[in-house]
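So that the names make sense, note that chain A is the first sequence line, chain B the second, and so on, each numbered from 1.
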Protein chains: 2
Amino acid sequence: MSLELLKQRIRTEGRVYPGNILKVDSFLNHQIDPVAVREISDALAGLFAADGVSKVLTVEASGIVLACGVAERLGVKALFAKKADHGNVAAGRYTAPVRSYTTGQSYTISVSAEYLTARDRVLIIDDFLAMGEAARGLLSLAEQAGAAVAGLGFAIEKGFQPGGAQLRAQGYRVESLAIVEQMREDGSILFRS
Amino acid sequence: MSLELLKQRIRTEGRVYPGNILKVDSFLNHQIDPVAVREISDALAGLFAADGVSKVLTVEASGIVLACGVAERLGVKALFAKKADHGNVAAGRYTAPVRSYTTGQSYTISVSAEYLTARDRVLIIDDFLAMGEAARGLLSLAEQAGAAVAGLGFAIEKGFQPGGAQLRAQGYRVESLAIVEQMREDGSILFRS
């Protein structure tokens, strides 16, 4: 799937919900099209192929297939942070709070200190970048582990929300395959060129 | 990864926790080894290659990468049921209650009626089969949709727990790549031959 085809699928299959929520449940967030996953993963992996990535980090659930695909292509392992209610995290784990823009709820993400270490150079992968809350949580986990961060890669960025701009202003390399510039109430979706 | 290698990895990397809990966090349940995922997926897909599967059904989170891998190999799409607190499910979805043996907690799984229909012939894929609670929830979703069930495939079955025997007694085809017969407190793991 070329980038143009990804944008076309977002345009035709993406659904816009109140509150600037965009879902691509037909191929990524609920139903999963392995062909799309493969193409998105390959494109993201290609962008970071020369960056010495030792581990791909994501958070459950939708990001896992992309992280696994990117990790396969880069020849490394993936690690997905688990979501838990606050206070329900075992010892030996790094934790970070995340507030979901979509649901309005807060939760804790965590990874085992065993699988994320100061020897790692991490690539953070997720399906969506919007407010950047999950990304900041994952960056916090990497920082707690003393891991370096090669960058962050997303299938879809909502460019009219501040997450991407903030992360780039902090100096992180952020790559998004499709950046949505505007979503209209009639369901039409405009991309940044 | 041959079946022998899968068993060897479970034996060396699997960890036994109180309450007959087995975790393979080093390659499947937290950290993900894409090579292992590929081999497990290919093996499961091979077992159901001639069964006319139109959709692979699983539940978040650990099962998703295997379901996606199996779906890719079978040339179909995967669908992952989402977990929600009870009562927090949108309209147009099939729902089923699941009680987690590992955590002791109950939750609701659901899929959109749009992506699971009476035209589907479903293969249920998950990482673990133990008490069979998640599998029964997924079977309930398939039944509500009027979908046929080609069978169920698992990476690891805990053969000393009743899920597999019950599902087979109900007439379902259940395929597990590695069946754990006994887990001892010293961490040793015995497989059914």
**Prompt:** Between A:Leu116, A:Leu57, A:Val76, A:Asp25, which residue shows the highest count of heavy-atom pairs closer than 4.5 Å to chain B?
**Reply:** A:Asp25
**Complete:** Checked A:Lys77, A:Gln31, A:Lys83 vs chain B; the most non-hydrogen pairs under 4.5 Å come from A:Gln31
**Message:** Are A:Leu28 and A:Ile21 linked, directly or through intermediate hydrophobic residues, by side-chain heavy-atom contacts shorter than 4.5 Å (ILVMFWY only)?
**Reply:** no
**Message:** When you group the ILVMFWY residues by side-chain heavy-atom contacts below 4.5 Å and let the links chain together, are A:Ile179 and A:Leu22 in the same group?
**Reply:** no
Compile the donor-acceptor pairs under 3.5 Å between side chains in residues 124-137 of chain A and protein atoms, sequence neighbours left out, one pair per line.
from: A:Asp127; atom 1: OD2; to: A:Asn29; atom 2: ND2; distance (Å): 2.7
from: A:Arg136; atom 1: NH1; to: A:Gln166; atom 2: OE1; distance (Å): 2.9
from: A:Arg136; atom 1: NH2; to: A:Met131; atom 2: O; distance (Å): 3.0

**Item:** A:Ala61 to B:Phe80 - nearest heavy-atom pair and separation
**Value:** CB-CE1, 4.4 Å
**Request:** May I have the step-by-step check of salt bridge (Lys or Arg N to Asp or Glu O under 4.0 Å) for B:Arg15 and A:Glu114, ending in yes or no?
**Result:** CA-CA 14 Å; B:Arg15 296 201 187 147; A:Glu114 190 172 355; 2.5 Å; yes
Taking atom [atom1] as the centre, does [X] end up with more than 12 heavy-atom neighbours from other residues, nucleotides or ligands that are less than 6.0 angstrom away?
X: A:Glu143; atom1: CD; answer: no
X: B:Arg119; atom1: CZ; answer: no
X: A:Gln170; atom1: CD; answer: yes

**Item:** Proximal to chain B - members of residues 62-75 of chain A, heavy-atom separation under 4.5 Å
**Value:** A:Ser62, A:Ile64, A:Val65, A:Cys68, A:Ala71, A:Glu72
**Message:** Looking at A:Leu79, is its backbone amide N or carbonyl O close enough to the side chain of B:His30 to form a donor-acceptor pair, meaning the two atoms are under 3.5 Å apart?
**Reply:** no
